[in-house]
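Below is one structure, written out as structure tokens, with a few remarks after it.
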There are 2 protein chains.
Amino acid sequence: MRLPLKTEYACQVLAQLASTYSEEGVRQVEDLAVAENLSPNYSVQILTVLRQAGLVISRRGKNGGYLLAKHPDQITLADIALAMEGGSIIESSLGNEGMSAGNVHAAWVRVNEALLENCREIKLSELVAGSEDDSDWMI
Amino acid sequence: MRLPLKTEYACQVLAQLASTYSEEGVRQVEDLAVAENLSPNYSVQILTVLRQAGLVISRRGKNGGYLLAKHPDQITLADIALAMEGGSIIESSLGNEGMSAGNVHAAWVRVNEALLENCREIKLSELVAGSEDDSDWMI
DNA sequence: TTAAAGTTACGTCACTTACTAATGTATCGA
DNA sequence: TCGATACATTAGTAAGTGACGTAACTTTAA
């Protein structure tokens with residue numbers, strides 16, 4: 001199954017915000033969109049979701065923009081994925097009434113939980129271009 | 001992101017085949033579809049994919065049908081998911097040219113690999129309705 | 001040879017995705 | 001306070017995908 005572009009874009013936008021986290025300033029949508037090669041209009045919609053999830057803070061009006069709500073070390077892939085996808089990263093429908101439907105669904109729920117654990121171990125700070133923390137992943 | 005129904009159905013059909021694995025006989029599509037509450041026609045398409053992946057064996061002609069190609073302990077969720085989804089379970093597009101696109105893509109590739117490891121630990125035999133191996137999952 | 005079974009190809013309809021566009025709303029500075 | 005600026009929200013849409021159904025073909029046991 002394909003990871004939604006929206007989720008990937010969310011990671012990129014957040015990584016872009018993280019890259020200037022120390023500077024304490026606000027980044028404008030136009031700025032973020034250009035840096036990550038995204039449509040500004042679409043970026044706004046993604047940022048709105050991220051704001052509602054409490055991952056970014058926005059300031060409206062003149063000199064407005066966005067900034068991370070937490071330190072890049074305290075935001076994980078799990079946070080981002082859950083913000084964009086809702087309750088679970090992989091959601092299996094417990095649809096039909098087949099004999100094995102219950103067991104199959106339960107198995108995928110377990111898989112989703114294990115996946116969440118894995119995603120909790122990847123920090124936003126690792127996604128920032130240029131920060132070579134990439135060498136020591138997965139312990 | 002939603003787990004495709006096709007993949008869930010594949011798990012159900014295989015679980016159904018596994019439930020009569022010891023009996024050595026062939027199961028017909030109609031039989032499998034009724035047991036798992038699926039459309040027979042759609043089940044055929046799923047079984048075709050599973051056959052091409054080497055997970056089931058088919059016999060054509062009168063008294064034909066399907067049977068598992070391996071013991072239910074030797075088929076894992078990873079096998080099933082890869083058969084239905086192709087190369088990876090979660091595939092992230094390394095689409096645009098944004099600054100963080102490369103890092104983000106790499107992170108999701110890692111997530112997919114970890115996910116595969118998790119799926120390798122869930123055996124088809126655990127999905128069979130009635131076999132209560134469900135109590136001791138994940139060690 | 002015929003009926004029962006799997007095989008393949010094609011069609012299709014509803015839904016989702018990935019956007020664009022338009023309009024609304026808040027804030028700063030002159 | 002006025003207007004420029006920037007975020008917020010909603011609506012619209014074109015292309016793609018998913019989940020089927022249909023139909024014609026092929027193989028095999030009896």
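Just so it is clear, the values below take in all heavy atoms, side chains as well, and ignore hydrogens, waters and symmetry mates. Letters A, B, ... mirror the listed sequences (proteins, then strands); counts begin at 1.
Across all strands, Asn63(B) comes closer than 4.0 Å only to sugar-phosphate atoms, never to a base (heavy-atom distances). Residue Gln45(A) is in base contact, counting any heavy-atom pair closer than 4.0 Å across all strands shown. Among the protein residues, Val29(B) comes within range of the sugar-phosphate backbone only, with heavy atoms under 4.0 Å from sugar or phosphate atoms but none that close to a base. Residue contacts shown for Gly64(B) are limited to sugar-phosphate atoms, with no base heavy atom under 4.0 Å away.
Residues of residues 77-93 of chain A having a heavy atom closer than 4.0 Å to DNA chain C: none are found.
Separating the CE atom of Met1(A) from the P atom of dT16(C) is a distance of 17 Å, rounded to the nearest angstrom. One can place CZ of Arg60(B) at 9 Å from C1' of dC25(D), the figure rounded to the nearest angstrom. As a whole-Å value, the separation of Ile46(B) CD1 from dG18(D) P is 13 Å. Between Glu36(B) atom CD and dC20(D) atom C1' the separation is 18 Å, expressed in whole Å. Here dC19(C) presents its C1' atom at 15 Å from CG of Leu47(A), a figure rounded to the nearest Å. Rounded to whole angstrom, the span from the CG atom of Leu67(A) across to the P atom of dA6(D) amounts to 16 Å. Tyr42(B) places its OH atom 15 Å from the P atom of dT22(D), with the value rounded to the nearest Å. Look at CD on Glu8(A): it is 11 Å from P on dC19(C), rounded to the nearest Å.
The CG atom of Leu14(A) sits 9.0 Å away from the CG atom of Leu127(A) when rounded to the nearest 0.5 Å.
Phosphate proximity of dA5(C) to Arg27(B): absent, as no side-chain N or O sits under 4.0 Å from OP1 or OP2. The phosphate of dA8(D) has OP1 or OP2 within less than 4.0 Å of a side-chain N or O from Ser58(A). A sub-4.0 Å separation between OP1 or OP2 of dT9(D) and a side-chain N or O of Arg51(A) is present. Within the 4.0 Å cut-off from OP1 or OP2 of dC19(C), at least one side-chain nitrogen or oxygen of Tyr9(A) is found. Taking side-chain N and O atoms only, Ser39(B) has a distance below 4.0 Å to OP1 or OP2 of dG21(D). Distances shorter than 4.0 Å separate some side-chain N or O of Tyr66(B) from OP1 or OP2 on dT7(C). Note on Arg2(B): a side-chain N or O is less than 4.0 Å away from OP1 or OP2 of dA19(D).
The side chain of Gln28(A) lies closest to dC7(D), out of dA8(D), dC7(D), dT17(C). Candidate nucleotides dG21(D), dT28(D), dT20(C) were compared by shortest atom distance to the side chain of Lys62(B), and dT28(D) ranks first.
Between Leu17(A) and Tyr66(A), the shortest heavy-atom contact is CD2-O, 3.6 Å. Of all heavy-atom pairs spanning Cys11(B) and Leu77(B), the tightest one is SG-CD2, 3.7 Å.
Mapping Gly61(A) and Leu5(A) onto DNA chain C by nearest heavy atom places Leu5(A) at the nucleotide closer to the 5' end.
A salt bridge does not link Arg110(B) to Glu113(B): none of the charged side-chain nitrogens sits closer than 4.0 Å to a carboxylate oxygen.
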**Q.** Chi angles and distances behind the side chain to side chain contact (heavy atoms under 4.5 Å, CB included) call for Leu55(B), Leu124(B)
**A.** CA-CA 11 Å; Leu55(B) 295 182; Leu124(B) 176 56; over 6 Å; no
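Heavy-atom contacts from other residues, nucleotides or ligands closer than 6.0 Å to CD of Glu97(B) number 12 or fewer.
Using modelled atom types, no side-chain atom of Asp73(A) and backbone atom of Lys123(A) make a donor-acceptor pair closer than 3.5 Å.
Residues Leu47(B) and Leu32(B) meet the side-chain proximity criterion, which asks for heavy atoms closer than 4.5 Å.
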